[in-house]
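The chains referred to below are lettered A, B, ... by the order of the sequence lines, with proteins before strands, and numbering in each begins at 1.
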2 protein chains.
Amino acid sequence: MSENFKAPNTHGCYSDLETDMERKTVSIVGSGNWGSAIAKILGKNVVERKEKFNPEVKMYMYEEMIDGRKLTEIVNTEHENIKYLPGIKLPENVVAVPDLLEATREADILVFVLPHQYVHKICSTLKNNIKQGTVAVSLIKGFSIHEDGVIIPMSKVIGEDLGIPCAALSGANLATEVAQEQFCESTIGCEDDQMGQLLKELFETPYFRVAVVSDRQTVEACGALKNIVGIGAGIVDGLGFGDNTKAAVIRLGLMEMIKATEMFIPEMKVTTFFESCGIADLVTTCHGGRNRLLGESVIKSDKTIKQLEKELMKGQSFQGPLIAREIYTMLEKKNMTDKFPLFTAIHKICIREMDPKEFISCLRNHPEHL
Amino acid sequence: MSENFKAPNTHGCYSDLETDMERKTVSIVGSGNWGSAIAKILGKNVVERKEKFNPEVKMYMYEEMIDGRKLTEIVNTEHENIKYLPGIKLPENVVAVPDLLEATREADILVFVLPHQYVHKICSTLKNNIKQGTVAVSLIKGFSIHEDGVIIPMSKVIGEDLGIPCAALSGANLATEVAQEQFCESTIGCEDDQMGQLLKELFETPYFRVAVVSDRQTVEACGALKNIVGIGAGIVDGLGFGDNTKAAVIRLGLMEMIKATEMFIPEMKVTTFFESCGIADLVTTCHGGRNRLLGESVIKSDKTIKQLEKELMKGQSFQGPLIAREIYTMLEKKNMTDKFPLFTAIHKICIREMDPKEFISCLRNHPEHL
C-alpha cells in the first residue's frame, strides 16, 4: 500500500498516515448494466467513508466505440455509461479504464461484475498481477459448469483462480431499479467476519441494505437454483393459471431449492433462504425475470430453447435451462429425480421431452404432500 | 353414530356394518364463496372415500330470497350457489339446509367456513346440540379480538365455545380458483395426528394438496399477520416502486411475522412458515389480495380506512388495519415497536398518523440490517 502513504502533517501528527495505511482501494472489474449501477454506489460510498477507502474507484471497461468515440472517454467526461446504463449519472471519482491491469493494480478489493463466461480469461490475466492481501467479491449472476457436470459458484472460480478470498453478493437487485435508488436489500455471503463487515461498509447505502451471512455457498446456490423455479412460474402464467397455482409452484420450488442445497452443501443454513438472496430474489424472479419469460414462451410456442434464446436474448443463454440440466443429471446419477418432481419436469420441458401442459400433473404427488 | 347402522347383508357379513360404524358424517357451517368451493371438494371426496365418510354432506345456509326463490331450494335443485359461487356445479350429495341444528345434528366433523363475526352466535346455538366425539375444523379467515386486545384464532374460539377439538385450514387458496380446480396447496394445523390425517383425507384432491402440521396456532397466525404485510405491498405499488422494493417489503414483513409469532407462541416452529399457509399465502396476498388494494388506495387518496371500506368492501372490514392496530398496541406495551418498524409504520399509515410516503424511510434501518 506504499503508494498511499502520506507525509505526517505540520503538527507532526501521524493519525492521517495511520488511517491512510488502512484505507482500501477498490476496483471494479466489469462495467455493464449491473456493474455501472454498483459503480454509482461504490463511488459515493468510498468518498463518504474516506477513513476506510481511497476516494478513486477504477472500473475496468472493455473498450467499445460509440458513434466514433471511445466508451471509456464518454464515461470519464460525461460520467454516464450511455450504452449500458443510460440516463444515470455516475460519481466523478469512478474512472473507466480500458486496461485491465492498470484498472486493478492498486486494488485491495476487487469487485467482479462481468458476464460469467469471461471470468477465467480475466483471472488468468490478473493472476500474479494483484497486490498481496487483495480480496474479491463476486456479483456475477451465473455459475461455471465443470466438464464432469459439477456446478461451481463464481466466487469459488475467482477465489481459486487468483488464490485469494472471494465473497459473493446476491439479492433481489434488478440493476435499473438499484440505479434509480429504489429501496432494496442484498445479501453478502462471506466466511470471514471482518471481511464481510468491510464489504457491508463498501456496498451499503440508505437505499441498498446489506445483510452479511457466513454461508457463502448457499447465497450463490439460491442465485443459481431460483432460475429453474422462475421457468416454472412462467409455465404457470403461460397456462393461464392464477395466483394460487403460482404460489404453489414458488413454494414447492423453494422446498426443492432447499433440499438440493442440503444435498450439495451439507453445512448450509436454512435461514439463508430467508435472506434477500433467498425468498426475496425468488419472488422477484418468478414475477419479472428472464427465466419466467422463457417459461411463458415455452407454452406459447413450440420453438426450442436455442431458438427462444436467439429471439428473446440476442443469443445469450438463459441460465435456467442450463442449471436445470445439470441438476437433473446429478439427481439421475443419485437415483433421486422422484424427490424433485418440479426440477425434473422443468428440465424435461426445456428439452422438449415433456409437454409443458403436463407440468402441473407432475406436482400433484409431490413428496412435500406425503 | 347409531343412525348410521345398517343391517348385515344377505351373506350375513358384517364387514359393511363394521366399516360403517367408523364412517364419519360431515357438515359444513357456512355457504358463501369459500364455503361453496369447499362444499364442491367435500361432496366429491365423501363419495370417493366412502369407507371413511357418509355420502351426504349437509351445508348450513342462511336463508335468502333470490328473485322470489329460496337460495337453499335453488342449491338443492340446480346444484349451484348462484349468489356466492355462480357458474360452478356442486355435487348433488351436498344438501343446503336452512336450519342450523338440522344441518349439524349428525355431524362427526363440523367444517366452519363463515364470516368470523357470526362464530360466537352460531356456537352458542350449537353448544349442547352436537354429538359426542364431534370434532371441528376452521376455514375462517380472520380472528377474534378480545376486549383486552388479545388476538384469538378462530379455531380456539370454536374449540372453547363448543368444548371440542378444532383444527385450522389455511393456505394460498383464492376460492374462485379452487372452485375452477386450479392446482393449489393448503395447510392443516392440528395438534392430534390421527385427526389431522382424517381431515387430510377429507379435504385433499388431486388439485387441492394438503400438508398437515401440528403447529395449529402458527398456521392461523400466518393467516392473520400476512394481511398487515399485504397493505405494505400495496403501499409500495401505490408509490410506483418496482420488484426489488416489493420483494424487500415481503421479506421484511415475513421476518416480522416470524418474530411476532415467536413472541406470542413460544412453541411455534419456523418451518411452518415454509408451508402454504406461510410464504405461499403471503406472496398471493401481496400480489392480489384485498389488503394490497387497500395499501394502494391509501396512497392514491387521503380517505380514511372507514371510507375506503365503504367504497371497496361494501362496508365490510379490511382485516389488515385491525390486526395491525392490535399488534401495535401489544408491541407498545412491551416497548418493542422499534423491533417491528414495518408493522408499526403500516399501523400509523392506516390511522393516518404517518404520511404513507414515509413508509420506505421506516425500513431503511430495519433491525434485520444490523
Under a 4.5 Å heavy-atom cutoff, which of [options] has the most pairs with chain B?
options                        : result
A/P206, A/G288, A/S186, A/A211 : A/P206
A/E185, A/M255, A/E204, A/E368 : A/E185
A/E177, A/K246, A/Q180         : A/E177
A/C286, A/G242, A/S361         : A/G242

Mind checking the CG-CG spacing from A/D237 to A/L293? Nearest 0.5 Å is all I need.
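That separation rounds to 10.5 Å.
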
Portion of [X] that has a non-hydrogen atom of chain A nearer than 4.5 angstrom:
X      : answer
B/F208 : neither
B/V210 : backbone
B/K200 : side chain
B/L174 : both
B/E275 : both

Check: B/Q319 main-chain N/O paired with B/N227 side-chain donor or acceptor under 3.5 Å:
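Between the backbone of B/Q319 and the side chain of B/N227 there is no qualifying donor-acceptor contact (under 3.5 Å).
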
Given 3.5 Å as the limit, does a donor-acceptor pair link the side chain of A/D215 with the main chain of A/T272, or not?
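A pair under 3.5 Å: no.
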
B/F340 vs B/H347, test: side chain to side chain contact (heavy atoms under 4.5 Å, CB included). Steps then yes/no.
CA-CA 11 Å; B/F340 294 81; B/H347 167 64; over 6 Å; no

Go through B/D281, B/L370, B/L252 and name the one with the most non-hydrogen pairs under 4.5 angstrom from chain A.
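The answer is B/L252.
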
If you apply the rule salt bridge (charged side-chain N to carboxylate O under 4.0 Å, His left out), what do you find for A/R49 with A/E201, and how did you get there?
CA-CA 8 Å; A/R49 295 160 201 175; A/E201 287 181 77; over 6 Å; no

With the side chain counted from C-beta on, respond yes when B/E256 and B/T344 share a heavy-atom pair under 4.5 Å apart, and no when they do not.
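Not in contact.
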
Trace of the side chain to side chain contact (heavy atoms under 4.5 Å, CB included) decision for B/V236 with B/F359:
CA-CA 8 Å; B/V236 164; B/F359 180 50; 4.0 Å; yes

Locate the shortest heavy-atom distance separating B/G171 from B/S276; write the atom from each residue and the value.
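Scanning both residues completely, I find the closest heavy atoms to be CA-OG, 3.6 Å.
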
For A/V178, which atoms come within 4.5 Å of any heavy atom of chain B: side chain, backbone, both, or neither?
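Interface part for A/V178: both.
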
Does any backbone or side-chain atom of A/I258 lie under 4.5 Å from a heavy atom of chain B? Answer side chain, backbone, both or neither.
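Only the side chain of A/I258 comes within 4.5 Å of chain B.
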
